[in-house]
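Presented below is the structure to which this report refers.
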There are 2 protein chains.
Amino acid sequence: MQKNKLKNPFKSANHKHKKCLQTALAAAKKHCDAFGLRLTPIRYRVLELVWQNHAPVKAYNILDQLKLAKSSAPPTVYRALDFLKEEGLVHKIESLNAYIGCDNPQEGHKSQFFICDDCGTVAEIADPDIRYLLRKKAHQFGFKIKDEMVEIKGHCQECRGSAE
Amino acid sequence: MQKNKLKNPFKSANHKHKKCLQTALAAAKKHCDAFGLRLTPIRYRVLELVWQNHAPVKAYNILDQLKLAKSSAPPTVYRALDFLKEEGLVHKIESLNAYIGCDNPQEGHKSQFFICDDCGTVAEIADPDIRYLLRKKAHQFGFKIKDEMVEIKGHCQECRGSAE
DNA sequence: AATGTTACGTTATAATGTAACATTTTCCAT
DNA sequence: ATGGAAAATGTTACATTATAACGTAACATT
């Protein structure tokens, strides 16, 4: 059993994300520079809007924000999100139809998400044990994995504090 | 490591599902009888329509089928699907916005899905190892799981046969 | 300058899902 | 059996999520 680098992704998600937002944006720039990709103003702005939460953000919510500065339409947002997804800079949470920033673009963007139903915070982990097990199971019946969605709902430690 | 009862859920999914459709419908009836639930004609019909595929079926596709017999509107379908989901008789595949029959209502309806991108077939497994591992990981940071979504996309053995 | 390519603008519409309220059906206690 | 509550369905309208289709701008290459 390998160790998980993130001890408590919820704890680490807590507050002062002006800092982690800056870090994420800088990382994104670096990533795009490295691969000759264009992190255009729209894409940058969308990424920024996604990162302003550790909770998933909806496409039309982003669109509303964009509209504050300038008339915009759905394709603008979806195109930017597609680009960012492609590069692993954001993930779509399928069970919420919403998007969340990822600070680990290089890692191949296969992650597992733990979503707190109370505060909405999402913790992303990239756990090799889970991935190994899924691959092993798939292999048992000749299934070749191309993509993985693991979204776990529940209650995080902080939110359980008061209730339990 | 515990054994998985289903050796190859894809193989078992192959054709002649007139049979398994009948079985599933009978099981659903039995389940509802046992719990004093009303498997009304609409609910029965929707379940039947879902079960006519081993691939996920979309709500509006079901609606179109219902309309053939009688004028119907979206709430009719979604209500029936909600009931069936509640009872574990169908599952929603979140990443496809589509629904698939489940023949194991009693089992607590926590399953993992392997979805073939080529033929659309979905294999459902209820694997204790995966669930155990997810719980273990969650426990490490105090997360209490309420619901689980595990949807794995790729290519099944049959579809890989020709290509590889 | 002509062409190619990528990103973006714009309009319209498709696809998915729900709110709200009216009506009908079923259940069951009397 | 029957009247009243609860459950299920009908109906209309609308909200939300996503994409198609086509045109234009900006910039690079030849």
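Naming convention: chains lettered A, B, ... in sequence-line order (proteins, then strands); numbering from 1 in each chain. FYI, side chains are in, hydrogens and waters are out, and symmetry mates aren't considered; it's all heavy atoms of this structure.
Here the shortest heavy-atom pairing between A:L89 and A:C32 reads CD1-SG, 4.3 Å. The two residues A:I145 and A:L134 have their closest heavy-atom pair at CD1-O, 3.8 Å. Closest heavy-atom contact between A:E48 and A:L21: O-CD1, 4.1 Å. Considering all non-hydrogen atoms of both residues, B:C102 and B:G88 come closest at CB-O, 3.4 Å. The two residues A:L47 and A:A28 have their closest heavy-atom pair at CD2-CB, 3.4 Å.
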Problem set entry | Derivation and outcome, side-chain contact (heavy atoms from CB on, under 4.5 Å), residues A:R131 and A:D127 | CA-CA 7 Å; A:R131 300 202 61 206; A:D127 186 89; 5.9 Å; no

Exercise. Given the rule in the salt bridge (charged side-chain N to carboxylate O under 4.0 Å, His left out) test, do B:R79 and B:D82 qualify, once you have shown the distances and angles that lead to the verdict?
Worked result: CA-CA 5 Å; B:R79 284 165 183 157; B:D82 282 347; over 6 Å; no

Exercise. Could you go step by step and tell me if A:K137 and B:D129 meet the salt bridge (charged side-chain N to carboxylate O under 4.0 Å, His left out) rule?
Worked result: CA-CA 10 Å; A:K137 295 291 172 183; B:D129 299 322; 2.8 Å; yes

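At whole-Å resolution of the value, NZ in A:K85 and C1' in D:dT19 are 12 Å apart. Counting to the nearest Å, the P atom of D:dT19 and the CG atom of A:L81 are 11 Å from each other. Note: CD (B:E86) to P (D:dA7) measures 14 Å, nearest angstrom. The CG-P distance, from B:L39 to D:dA8, rounds to 11 Å in whole Å. Separating the CZ atom of B:R45 from the C1' atom of D:dT9 is a distance of 17 Å, rounded to the nearest angstrom. In this structure, B:L37 places its CG atom 18 Å from P of D:dA6, rounding to the nearest Å. Taking atom OH of B:Y44 as the reference point, atom P of D:dA8 lies 19 Å away to the nearest angstrom.
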For this session: Between protein and nucleotides 16-30 of chain C, map the contacts as a letter string: B base, S sugar-phosphate only, - none, heavy atoms under 4.0 Å, written 5' to 3'.
Result: BBBBB-----S----

Exercise. In dot-bracket, 5' to 3', how would DNA chain D read with Watson-Crick or G-U wobble pairs under 3.5 Å, [ ] for crossing ones and | for pairs to another strand?
Worked result: ||||||||||||||||||||||||||||||

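Side-chain nitrogen and oxygen atoms of B:S71 include at least one within less than 4.0 Å of the OP1 or OP2 phosphate oxygen of D:dT11. Here B:K70 does not reach the OP1 or OP2 of D:dT9: none of its side-chain N or O atoms lies under 4.0 Å away. A sub-4.0 Å separation between OP1 or OP2 of C:dG9 and a side-chain N or O of A:T76 is present. Contact between the side-chain N/O atoms of B:T40 and the OP1/OP2 oxygens of D:dA8 is not found at any separation under 4.0 Å.
Between B:H54 and B:W51, the ring-plane angle classifies as perpendicular under the 30° and 60° cut-offs.
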